[in-house]
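As structure tokens, the structure follows; a few thoughts come after it.
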There are 2 protein chains.
Amino acid sequence: MPTRTAAQLREEAAREYDAFLATCPARQLLDRISDKWVTLVLTALADGPQRYSDLSRRIAGVSQKMLTQTLRSLERDGLLTRSVTPSVPVRVDYDLTPLGRTLMPLISAIKSWAESHMPEVAAARTTYDTASTPA
Amino acid sequence: MPTRTAAQLREEAAREYDAFLATCPARQLLDRISDKWVTLVLTALADGPQRYSDLSRRIAGVSQKMLTQTLRSLERDGLLTRSVTPSVPVRVDYDLTPLGRTLMPLISAIKSWAESHMPEVAAARTTYDTASTPA
DNA sequence: CCGCATCCTTAGCGATACTG
DNA sequence: CAGTATCGCTAAGGATGCGG
């Protein structure tokens with residue numbers, strides 16, 4: 001039994017790390033997860049494990065390079081697992097780790113917000129643009 | 001009284017827009033708000049209006065260009081307001097709009113997650129790196 | 001099927017200098 | 001104080017072709 005629980009350790013970490021500071025590791029982590037492809041990959045994995053080709057199809061417009069790069073970075077950060085089935089042809093499945101599952105709902109909320117508030121943002125843009133460019 | 005409430009309109013929008021589609025406007029919006037500087041600006045404004053110089057000081061390492069660019073984009077999208085006090089020297093205050101206040105807590109949660117889970121991510125990276133580069 | 005390696009173009013971004 | 005304008009670099013990222 002640890003002298004401090006996991007929740008307590010996270011509280012301490014939150015006090016120690018500050019993304020407002022340029023050199024803080026949390027700033028870099030924030031930069032990593034504040035990424036379009038990261039958002040789409042994590043939310044795509046919400047319903048369960050997915051194959052590489054599934055993700056590629058689901059996330060329209062992503063290049064092989066970006067998908068692989070994103071998956072590798074998320075694997076390295078411990079947010080998802082990569083399991084290879086050595087069949088012919090090979091099959092690769094990606095799944096969220098427990099850590100990834102703690103982040104996923106937060107990311108998912110951002111994606112949902114973008115989808116549900118799109119009309120308001122579009123309206124604001126029109127107002128802004130017409131106000132500054134009345135001709 | 002509208003035939004549909006604001007909440008109902010957002011539900012419809014959520015069905016209409018899908019960030020998984022490459023050409024969907026929600027995809028572009030997601031890309032905009034999935035940004036390090038956006039996160040830091042919005043969370044900085046959580047406690048109330050801030051002056052340009054305040055934000056500049058609070059968000060360490062941000063260049064004038066990126067700060068101005070981020071603020072303009074957020075203003076255009078209707079997430080914050082820009083108010084100029086024509087004194088000498090001029091004073092400019094930024095504040096969240098109601099729309100911005102709906103997004104802020106979600107963004108803030110991401111920033112908090114990055115700060116509190118940094119140790120676990122760091123550990124995962126070490127494991128990943130030592131496993132692939134043992135020699 | 002699932003990548004990695006390479007080339008190449010674009011644009012993000014920082015640094016610097018100047019203005020109301 | 002709160003920007004705008006310009007330059008120049010670097011790195012993101014798409015396209016293509018090859019490999020296990």
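Distance CZ (B:Arg58) to P (D:dA2): 16 Å, rounded to an integer number of Å. For the pair B:Leu55 CG and D:dG3 C1', the computed distance is 14 Å after rounding to whole Å. Distance CG (A:Asp54) to C1' (C:dG3): 16 Å, rounded to an integer number of Å. Here D:dG20 presents its C1' atom at 19 Å from CZ of A:Arg91, a figure rounded to the nearest Å. In this structure, B:Asp31 places its CG atom 14 Å from P of D:dA12, rounding to the nearest Å. If you measure from atom CG of A:Leu67 to atom P of C:dC2, you get 10 Å, rounded to the nearest angstrom. Here D:dA2 presents its P atom at 10 Å from CZ of B:Arg82, a figure rounded to the nearest Å. Taking atom CZ of residue A:Arg72 and atom C1' of nucleotide C:dC2, one finds them 9 Å apart after rounding to whole Å.
For the side-chain contact (heavy atoms from CB on, under 4.5 Å) criterion with B:Val92, the lone passing option out of B:Thr85, B:Val84, B:Leu71 is B:Val84. Of the residues A:Leu67, A:Leu55, A:Val41, the one that meets the side-chain contact (heavy atoms from CB on, under 4.5 Å) test with A:Val62 is A:Leu67.
Regarding contacts with the backbone of C:dG3, a side-chain N or O of A:Tyr94 is found under 4.0 angstrom from either OP1 or OP2. A close approach under 4.0 Å does occur between a side-chain nitrogen or oxygen of B:Arg51 and OP1 or OP2 of D:dA2. Taking side-chain N and O atoms only, B:Ser53 has a distance below 4.0 Å to OP1 or OP2 of D:dA2.
Between the side chain of A:Gln64 and the base of C:dC4, a donor-acceptor pair under 3.5 Å is found.
Residues B:Leu21 and B:Arg27 are not in side-chain contact: their nearest non-hydrogen atoms beyond the backbone lie 4.5 Å or more apart. Side-chain contact between B:Tyr128 and A:Asp77 is absent, with no heavy-atom pair separated by less than 4.5 Å. Using a 4.5 Å heavy-atom cutoff, the side chains of A:Arg101 and A:Asp95 are in contact.
Between A:Arg57 and B:Val62, it is A:Arg57 whose nearest contact on DNA chain C lies nearer the 5' terminus. Taking for each of A:Lys36 and A:Pro89 the nucleotide of DNA chain D with the nearest heavy atom, the 5'-most of the two is the partner of A:Lys36.
You'll find that the side chain of B:Lys65 is closest to D:dC7, out of D:dG13, C:dC2, D:dC7. Distance from the side chain of B:Thr68 is smallest to D:dG3 among C:dC2, D:dG13, D:dG3. Side-chain proximity of A:Tyr52 to the nucleotides D:dG14, D:dT4, C:dG3 is greatest for C:dG3.
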